[in-house]
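Per chain, numbering begins at 1; letters A, B, ... match sequence-line order. All values reported here derive from a predicted model rather than from experimental measurement.
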Amino acid sequence: MKLEEFQAKKLFREHGIPAPEGIMVTSAPDARDASEKIGFPVVVKAQVKTGGRGKAGGVRLAGSPDEAQEAAEAILGMDIKGYTVERLLIDPALRISGEYYIGITVDRKRKIPVMMASASGGMDIEKVAAETPERIIFQPIDPHRGLRGFEAKKLAFRLFSKKKRAMDTSFIMVRLWQCFNDLDATLAEINPLALLEDDSIMALDAKIVLDDNALYRHPRMEDMRLPTPSDQKELGAKSHGLSYVQLDGEIGCMVNGAGLAMATMDVIKHLGGTPANFLDIGGSSSPEKVVHAMDLLVSDPNVRAILINVFGGITRCDDVANGLVQALSGIDLDLPMVVRLTGTNEEEGIRILSERGINALKDMTGAAREAIRLAREGGGAR
Amino acid sequence: MKLEEFQAKKLFREHGIPAPEGIMVTSAPDARDASEKIGFPVVVKAQVKTGGRGKAGGVRLAGSPDEAQEAAEAILGMDIKGYTVERLLIDPALRISGEYYIGITVDRKRKIPVMMASASGGMDIEKVAAETPERIIFQPIDPHRGLRGFEAKKLAFRLFSKKKRAMDTSFIMVRLWQCFNDLDATLAEINPLALLEDDSIMALDAKIVLDDNALYRHPRMEDMRLPTPSDQKELGAKSHGLSYVQLDGEIGCMVNGAGLAMATMDVIKHLGGTPANFLDIGGSSSPEKVVHAMDLLVSDPNVRAILINVFGGITRCDDVANGLVQALSGIDLDLPMVVRLTGTNEEEGIRILSERGINALKDMTGAAREAIRLAREGGGAR
Amino acid sequence: MSILIDGKTRTMVQGLGRDGSFHAGQMLEYGTDLVACIHPGRGGSSFQGIPVFNTAQEAVEETDAECSVVFVPAPFAADAILESANAGVELVVAVTEGIPVLDMSRVVRELDELGTRLVGPNCPGLISPGKSKAGIMPGNIFRQGPVGVISRSGTLTYEVVNQLTLAGHGQSTAIGMGGDPVVGMKYNDFLRLFDRDPETGLVVIVGEIGGSDEQDAADFVSRNFSKPVVGYIVGRSAPPGKRMGHAGAIISGAESTAEAKVGFLRENGIPVADTVEQIVELVSEGLGGRN
Amino acid sequence: MSILIDGKTRTMVQGLGRDGSFHAGQMLEYGTDLVACIHPGRGGSSFQGIPVFNTAQEAVEETDAECSVVFVPAPFAADAILESANAGVELVVAVTEGIPVLDMSRVVRELDELGTRLVGPNCPGLISPGKSKAGIMPGNIFRQGPVGVISRSGTLTYEVVNQLTLAGHGQSTAIGMGGDPVVGMKYNDFLRLFDRDPETGLVVIVGEIGGSDEQDAADFVSRNFSKPVVGYIVGRSAPPGKRMGHAGAIISGAESTAEAKVGFLRENGIPVADTVEQIVELVSEGLGGRN
């Protein structure tokens, strides 16, 4: 679960990490009021769960109430990489004399958290990572012992030679770890970590991604969920035990298992088609799940054919077939559909489906080819 | 810093350990009101920082408001092992079907915390420990990893075979560790941990001792300090950098260093005298410290002679002597005093003191002998 | 031969909930030497003739179990893994899905210190066909033979294995290592064992987007592995920055894309299949007539 | 010879506050091979000609320091000890008083893993007379000779050593191991080293109430120690249940009383002195004319 900047900054401040005390608003008049409360100049910042908002024009400086309102009007409703801006953070604009980077994530290879720090912070940190990786320093973190003061100090003295700056930064680093650990985050990042002209160190931006698997331990974090429309569809799917990601192709896919679902999408693409989505209905495919999954596919106006790909493992193919028949009996389906069933009791499953006039195949590549053909032929009806 | 039962129970409840919701009172009428709020029967329990209060009559059952008030009147002001009862905890009296013990302390030998558990809980746990040590089970706790669920479960299934009882107990054990760790305790103990007739598990008594060295991390714990009169004297001494424990002998001692102070007391006893106190003035003995230390000695009516024993190490004996002279010049001392000075520049130190008419020796045993003699001869004056 | 488990592996199941008891039964049916089950509060009873214990320590003391398959729900699963490892079990297979990543980070570190091997979590487990199954794989699609299979996915493994079996290529051991960001054993850990296993003639690596485990495997194969390897990577059609069900499938850098992986494998001399059907062809070539 | 430190021990000081800088100067004056000081923010400067570093890692990399004496204030002291140990220092002497016991419990565990030795905390350190001093002991009262001294106390050590020196009994190495509930090296760890040190002819153990370290030492001596030992235990006049300044001096059980300790030492053949004067007599007897 990604948090927005204003949420992450609030959590940072709760953990003793200095961050500007801004105000979150959802309208231009509120942006005006907030800017007056804060005092000028202010920064008006789009709250979206993606990077690159600065380059997209989602961050503007404002020196007066009118400028703040204008900036807010310009940014609200803006589309940034598919996210519509619905919220703004009005922050005091501070005098910055240097931009640095610190972040913590879990290193899949080392299998432990790692802190990254760089003296080259700011917007282009990913470019720095790709082009001059030696400018990013790494500190592995023992997950039982946490980031220790001396480890943070060692990193901080590589960013700053002055005692106050280095020690302030090392405290922020330790607190960033505490924040990461306390919240069960998978990412906690400050970019830029700014050196201000008054020699203080402050988090000017904030990014936190929480571990969905650990949210049960942090019930209050659920209140921070601010789903976007596309998030909402995925969350709705999740509540029914489905894992769904919408794309923009023509073949709606329903598959059991994430790996098999990706393989199905790949084979569609391999054969010249385009998958409309990723949809994993999980190990056991109950009729209710299939109904909900079908609703998701049908509600996507781009879908021109449906491909159901089920591998009967523990679940038997005849059970799956019966479930599918039951599920489809309640739906008025106006799209062509191909079902591929294989694994335990596949013959029986295919027979059950054929009796109800459902095209059922044993072979995944063949089924994908058939779905693409049907999408091109009959899909024009919608 | 020892906490009283009502404080420890509050902290337990904050950590999710079930404990009766009692009311702390300081007068008999308040005890009556509290008992009516709670409902009968209630237990009226003396709040003192020592064990054995039950045997001393400091815990009574009351079935009515009159009985509660009578019990409170009887217990308030009672002396239990030198502690005067000033506070009572009024707890609901619960129906108990078994008494168990769990506690955590730091094991000096293993150098890590250890949980102890026993099915033989209740008043005589120390007797159990001494006579049937096999009835106490130990679980060392990795201080980085904490007490894990499976470790607690293993212990809990040795106390209870029924699932609910064992699992409830294992959760309490893990929370007791969290409480111990969060508060930087040196002891956290539940005795008895009671099995109630309704099959629930509850902390009927609670003991927490906090690590004085870690109190700086827990500022709110300072509000829980409830010093007894003798505590107050020791705390006052501490605020001046002195470590003081009052005893009931005749020779007031002032020594630099805890080990040397104990050695001084021992030599007094060895020679047939009785030390009036333990008083460690620390490594450096500034005149102010000596003045405060002298106040402590003089304020003890049992003291009949004073023995000052200073080893000049880093601190030079002549400096110490000058400090002593300065300190003593402001005091109207009506007690005989022996000073023993040795170490760096001892001759010069002894000379300085002799010039002011202060009896100064080089030898510790000789000085102690002289102090005992003076206490017997001249001490009768007070 | 096979790796990690065979017919003699004394196995236990932790957590007799709905899934745990179903799959314990399935394992028994498959021929796994199931010696104990662990379910707090059911100690002293039995499950299909197998003794049930309250704690792993008792189970290991009584039955010398060497392998434990964990079905305990996510909030308690990390503790259950640690329990078995601390009780002396040599191999833990964690089927449970949804364990927090920081929990797993701590678990993996402790298991390394204890010298306990871990497969998973969030994995279908492993099977040495005809000998033993420690997990939830559908036993009927497997056949004993020379192909080792290592996969990050569940149903995709079944798909691949099913095609292999239909084509007459049996398996020595097939493993679903799990798709979470932090898992126990990875490709290289299994490859090291497959290299020494005389039954295994070829290994199929089924990878997916996210991380760089497949690159590490290719690197290992090119330096230290003496047998043919066939690769298959899914997620070529996944858009960057989207989760595809597996937490492991977050595109986090350039090297975690399917294209990067396929390229790296090929550069290291590993043939990569575009479809499942192609895997079978490449395996047939790799085995050169051996089955 | 001597144990743990000698004239060649490359030593550093952590924390140049009031105490740290005073004692760094004293150590230099005594002849300690002080090669580095650590004080964050003062890196690049020098202290009495000794280079100052921001971090222990830099200090060790630049100067190959093997021993660090920690004067850092209590809230940061545990971290400072870990810093030196992780930088590769072999011996850490923690003078700092007032470190929380759980901090020390974590520190000691990690140092064990790293193989770093720890003396203290809350201790005067150690001295090998005429060679090196790593701590705060007054150098002038010590004299080189055959007596090893191990004590839980500070000034009492000086008292004992002073009498020994006056009687002509010099010391090989004298150690104040600290009186906190959790300390690094204990009697037995030092005894093991003294046993192998040819210069040491006899060891004086200065103990006090609390814990059972003295019993452990007596047990060790009776089994594994080849040289004469003299004991001295203070706190016989301490009432049960009262703190006597040292956190270590809490009477927690029957075996932690002075009487129990004295009795146990004597049962194990160790003569125990009643007064400091008696220590000197027993040492003279034990050395049998050797000095």
State plainly whether the residues B:K362 and B:E347 are in salt-bridge range, i.e. N to O under 4.0 Å.
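Result for this pair is yes, salt bridge flagged.
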
Carboxylate-amine/guanidinium contact B:R217 D:D103, below 4.0 Å:
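Answer for the salt bridge query: yes.
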
Toward chain B, the part of [X] with a non-hydrogen atom under 4.5 Å:
X	answer
D:V182	side chain
D:R106	both
D:I141	side chain
D:P75	both

Taking atom types as modelled, is there a side-chain donor on B:T342 or D:E159 under 3.5 Å from an acceptor on the other?
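Checked: B:T342/D:E159 side chains show no N/O donor-acceptor pair below 3.5 Å.
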
Under a 3.5 Å threshold, yes or no: a donor from one side chain and an acceptor from the other, between D:H169 and D:S284?
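D:H169 vs D:S284: donor-acceptor pair found between side chains.
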
Among D:V160, D:D216, D:D112, D:V108, single out the residue with the greatest number of heavy-atom pairs under 4.5 Å to chain B.
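Sorted descending by pairs with chain B, the first entry is D:D216.
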
Option that, when pairs with chain B are counted at under 4.5 Å, heavy atom only, ranks first among D:D274, D:D213, D:L166
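Greatest number of close heavy-atom pairs with chain B: D:D274.
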
[X], part contacting chain D, at a heavy-atom distance under 4.5 Å:
X	value
B:N181	both
B:D266	both
B:K111	both
B:R110	neither
B:T186	side chain

Nearest 0.5 angstrom please: B:L215 CG to B:L183 CG, how far?
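So the gap between those two atoms works out to 10.0 Å.
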
Using 0.5 Å steps for rounding, measure from the CD atom of D:Q163 to the CD1 atom of D:I279.
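Output value for this atom pair is 8.0 Å.
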
Geometric class of the B:F311/D:Y158 ring pair [parallel <30°, tilted 30-60°, perpendicular >60°]
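Answer is tilted, since the angle falls between 30° and 60°.
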
Please test B:R340 against B:E370 for salt bridge (Lys or Arg N to Asp or Glu O under 4.0 Å), starting from the C-alpha separation and ending with a verdict.
CA-CA 10 Å; B:R340 182 268 184 152; B:E370 177 70 4; over 6 Å; no

If you count heavy-atom pairs within less than 4.5 Å of chain D, which of B:T274, B:D142, B:T264, B:L279 leads?
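Most pairs with chain D among the choices: B:D142.
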
Which one wins on heavy-atom pair count under 4.5 Å against chain D: B:D184, B:T365, B:V267?
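Of the candidates given, the most pairs with chain D belong to B:T365.
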
Decide salt bridge (Lys or Arg N to Asp or Glu O under 4.0 Å) for D:E214 and D:R152; before the verdict, give the C-alpha distance in whole Å, the side-chain angles of both, and the deciding distance to 0.1 Å.
CA-CA 10 Å; D:E214 292 79 3; D:R152 277 166 68 184; 2.6 Å; yes

